[in-house]
Amino acid sequence: MADKKFAVVLLVLFQPCNSEEVACDGIIFHEVYYDREILFRDLGRPYNLIMHKFSGLLFFSHTVQNVTHVDFTITTCHVDKKECHDVRGIPGGYAIAYDPGNDDIYLGGHDGIYKYNFLTQSAEFFAEEGKSIWGIFVKRNFYYIQYPNQKLHVYQDDNFVPVFEARNIEIDHFFISKHMDIYFSNRTALYKVERPKKEAILLNDDTVIRQIVEDGYGDIYFCASDGIYIEDKPYTRTKQVAQINQAFGLTFDEHDNIIYSDQDSIYRLLPSKSSNLCYQAIKAMAARDPEAKSVPREHIIS
Ligand SMILES: *[C@@H]1O[C@H](CO)[C@@H](O)[C@H](O)[C@H]1NC(C)=O
Ligand SMILES: *[C@@H]1O[C@H](CO)[C@@H](O)[C@H](O)[C@H]1NC(C)=O
């Protein structure tokens with residue numbers, strides 16, 4: 001019954017007074033029930049979700065089947081118009097970063113770093129020809145992670161150089177918060193480095209981190225293979241705030257609504273008219289079936 005564990009929540013509640021049907025097919029995020037809008041479907045592992053708030057464009061990378069092998073491509077979609085196009089000019093497009101200082105989008109692939117041109121809707125070469133780029137992060141400084149050695153580099157004096165503090169470790173995801181704390185993950189675990197200390201504090205070593213993001217209030221979220229986590233302050237640990245089977249990416253739209261992906265679709269969470277009703281119903285079902293990670297498909301008729 002492996003698939004039962006993560007079945008989509010689908011509770012249909014018939015309210016006796018107005019006999020209106022309510023489908024509780026959204027999710028609980030941080031103790032609040034949200035309706036779930038499917039934005040884009042039939043995608044292969046949508047990774048690295050980045051919302052460009054001024055243009056309304058959502059950037060993400062996903063797998064595409066080439067004749068002989070699986071490759072990555074970066075696509076942009078207008079979230080409200082539901083129009084998508086692949087970004088031309090970047091082989092094996094995978095890494096995506098937003099530069100908040102200059103309102104630019106940077107992209108990385110098999111052959112270096114590119115800047116997105118919003119007019120031509122294509123990638124223009126920027127730096128690091130011949131290098132394969134796993135991740136990019138821009139805030140004050142310009143960082144990238146090289147693939148496959150997972151070495152973190154920073155732009156300094158007209159050059160990209162390895163970050164000294166990270167010279168002996170691999171880094172898979174790297175993030176600097178508004179408060180200038182550093183979060184990073186590698187194959188071993190998820191860590192935090194609080195300024196001015198240099199020591200990496202362990203936050204979580206039992207899930208696979210796929211993206212680290214920050215909302216408009218400066219709260220940090222970790223998208224992991226089994227859901228979404230936040231830092232459980234003041235403890236040095238994380239707390240799961242949403243259970244999602246195979247979450248791949250996370251970002252926020254211009255109203256700070258959550259946009260996330262699972263292995264084949266991208267969703268947006270929206271405030272629900274039936275929030276209390278669905279929250280109660282889902283919690284009641286979870287209590288009856290504590291083994292289940294999520295709630296099995298079922299109908300309740302009252
Ligand atoms: C398939 O891969 C080859 C070599 O990497 C590339 O030249 C070609 O454009 C790719 N085709 C598609 C449809 O992505
Ligand atoms: C991940 O980072 C931690 C903290 O710096 C380090 O101890 C560990 O060796 C790193 N793992 C890998 C695979 O580099």
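First listed ligand is number 1; within each ligand, the first listed atom is number 1.
- Residue contact check: T188 has heavy atoms under 4.0 Å from atoms 1 (C), 8 (C), 10 (C), 11 (N), 12 (C), 13 (C) of ligand 2.
- The two residues F174 and I171 come nearest to each other via the heavy atoms CB-CG2, 4.0 Å.
- Closest protein heavy atom to atom 6 (C) of ligand 2: I169 CG2, 3.8 Å.
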>> Run F60 and H62 through ring pair (Phe, Tyr, Trp, His ring centres under 6.0 Å) and show every step you take.
In response: CA-CA 7 Å; F60 57 93; H62 58 113; 5.4 Å; yes
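- Of the residues F160, F142, Y114, Y116, the one that meets the ring-ring contact (aromatic ring centres under 6.0 Å, His included) test with F126 is F142.
- In terms of protein heavy-atom proximity, atom 7 (O) of ligand 2 is closest to Y191 OH, 4.4 Å.
- Relative to the six-membered ring of F248, R45 misses at least one condition, a distance below 6.0 Å or an angle of at most 45° to the axis.
- Among protein heavy atoms, the minimum distance from atom 14 (O) of ligand 2 is reached at E170 N, 2.9 Å.
- Each of the following atoms of ligand 2 lies closer than 4.0 Å to a heavy atom of N186: 1 (C), 2 (O), 3 (C), 8 (C), 10 (C), 11 (N), 12 (C), 14 (O).
- Among F184, Y191, F137, the single residue meeting the ring-ring contact (aromatic ring centres under 6.0 Å, His included) criterion with F175 is F137.
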